[in-house]
Amino acid sequence: MKVIIGQGSCGVATGAKKTAAEFERLIEEKNLNIKVDITGCVGTCYLEPIVDVYDDNEVMTRYVKVKPECVLEIVEKHLVNGEIATDLEISDEDKLFIEKQQRVVLRNCGLINPEKIEEYVAVGGYEATKKVVTSMTQEDVIEEIKVSGLRGRGGAGFPTWFKWNAALQNKADQKYIVCNADEGDPGAFMDRSVLEGDPHSLIEGMIIGGYAMGATEGVIYVRAEYPLAIHRLEIAMAQAREKGFLGKNIFGSGFDFDLRIKAGAGAFVCGEETALIASLEGERGMPRLKPPFPAQKGYWQKPTNINNVETYANVAWIIVNGGAAFGAMGTDKSKGTKVFALAGKIKKGGLVEVPMGLPLKEVIFGIGGGIKKDKAFKAVQMGGPSGGCIPSALIETPVDYENINKTGAIVGSGGMIVMDETTCMVDMARYFLDFTRKESCGKCNYCRVGTKRMLEILERITKGEGKDGDIELLEELAVKIKDGSMCGLGQTAPNPVLTTIKYFRNEYEDHIYNKK
Ligand code: SF4
């Protein structure tokens, strides 16, 4: 028998370490021969702290919201007498949160101990790396990724194989592969959960990508606000080196590849790949003009490929199961699965991985359980500050790149902030614009000054001091900022304002004309 306690940031924040300490204390006190271990985020963050008890046949019983004062009951009933502590057991309805998902990226999260490489290897870890470096050419790997249809999960949705191939075609004495783990959207925590719960899946994806494009060095750019993720990555990299999966002559293939971590200072603009490269080089994180693209001249002017955590975490699965198996999930143009972080006024907040193309309603109501306190669903903000809001009338929209773009929002990196009938949409737009204004690097006038002017108008409107013509002025400024900004931050900053004007113009008018 063993006891596994979820210790991703969500678990730790709700007191999982104290729960674990109480288990250890009582197990020792009762002289039981039972191991207490950790795992990452299971996905059902709303049920933390989560405790899984495995019997000797590996049958698991899940207990939820296990505060230290609940531990004695589980120890006495389950660990000592072999009976289920039914009042703490997860409900059948809550089990559906995971059962309705299709997990590729999150395949090991909440199941393995992220600090023990043996557990990753036991579930087939590093088999993909071995296969790639010992039996596949660079072109074979890129072809498999092409067949899978994998598109970058960081927001832009650019075909992964295309970027890898561009880096392969650009000949150089040195190439780099970089992971953007600078997840900065408010309400997004997909990448953090993978880093904390299954860091080897990222490492494998980067080794394979490095092999495919001819890079021997990789850098993981992680935001410094993710200390647990950095800690687990450091452990995982050291263990991978020790096993010979990382470093010189991987699997005796002659391929050398190593990784290092760079902790970023948390600038949202560093999610833009040229700004990230500037930051890596020790410069202020400001976007650079493209072309040249990073695949031509990136980090230290060498061919460089950048993908985010989720993109790389798909790669080993694709190599083992085949690109066609991945491509069989999702839609024609948006293949595979996507991880979403459900947050806001949702009953069941957490991580959801589903095939692309599933209707929004199924994610928010079918899996997320609907709106807190059974209030009416008003809208969901998708794609963070660069995205837009999707109103309740469009709840049947399939969640894929093409259909979400048609609404004016974007899939983005996967943040979904759910709003109920009490949310003021003008205030919501103001919040996101305030965020992007603060995060603007200041290089372009329209982004630096235009967002400030838009924010002033929004603040005026929300204070009941709006004037006739303000909505039109917002729309005019939004177009100019989109057209006159150099990078994605400025080009997308007005999106929350534009989508709220499009779908909730009456709220703007109420503020302005009825002084509500
Ligand atoms: Fe900087 Fe904004 Fe211009 Fe991007 S659009 S380069 S964030 S000023």
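Whatever order the structure lists ligands and atoms in, that order sets their numbers, starting from 1. Residue numbers run from 1 in the order of the sequence given. Hydrogens, waters and symmetry mates play no part in the numbers below; they use all other heavy atoms, side chains included. Treat the numbers as computed from the prediction; the structure is a model and nothing was measured.
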For this session: List every atom of ligand 1 that sits less than 4.0 Å from any heavy atom of S440, numbering the atoms from 1 in the order shown and giving each element.
Result: 2 (Fe), 8 (S)
Problem set entry | atom 4 (Fe) of ligand 1: nearest protein contact (heavy atom, Å) | C487 SG, 2.3 Å
For this session: Would you mind reporting whether N165 and K146 have side-chain heavy atoms less than 4.5 Å apart?
Result: no
For this session: Identify whether the distance between the nearest side-chain nitrogen and carboxylate oxygen of K463 and E459 falls below 4.0 Å.
Result: no
For this session: Assess C441: does it contribute an N, O or S atom lying under 2.8 Å from atom 1 (Fe) of ligand 1?
Result: yes
Exercise. Can a salt bridge be assigned to the pair E476 and K480 using a cut-off of 4.0 Å between side-chain N and carboxylate O?
Worked result: yes
Exercise. Under a 4.0 Å N-O cut-off, is there an ion pair linking E475 with R505?
Worked result: yes
Seminar exercise, completed: In ligand 1, the atoms that come under 4.0 Å of a heavy atom of S485 are 5 (S)
For this session: Show which atoms of ligand 1 fall inside a sub-4.0 Å distance from at least one heavy-atom site of G490.
Result: 5 (S)
Exercise. Hey, is K302 close enough to E217 for a salt bridge, meaning N to O under 4.0 Å?
Worked result: no
Exercise. Which ligand 1 atoms are under 4.0 Å away from a heavy-atom of V269?
Worked result: 7 (S)
For this session: Please determine if R223 and E225 form a salt bridge, counting it only when a charged side-chain N lies under 4.0 Å from a carboxylate O.
Result: yes
Problem set entry | Residue, atom name and distance, where the atom is the protein heavy atom closest to atom 8 (S) of ligand 1 | C444 N, 3.1 Å
Exercise. Taking NZ, NE, NH1 and NH2 as the nitrogens, is one of them in R151 or E402 under 4.0 Å from a carboxylate oxygen of the other?
Worked result: yes
For this session: Give a yes/no verdict on whether any heavy atom in K443 is under 4.0 Å from an atom of ligand 1.
Result: yes
Problem set entry | atom 2 (Fe) of ligand 1 to nearest N/O/S of C447 below 2.8 Å | yes
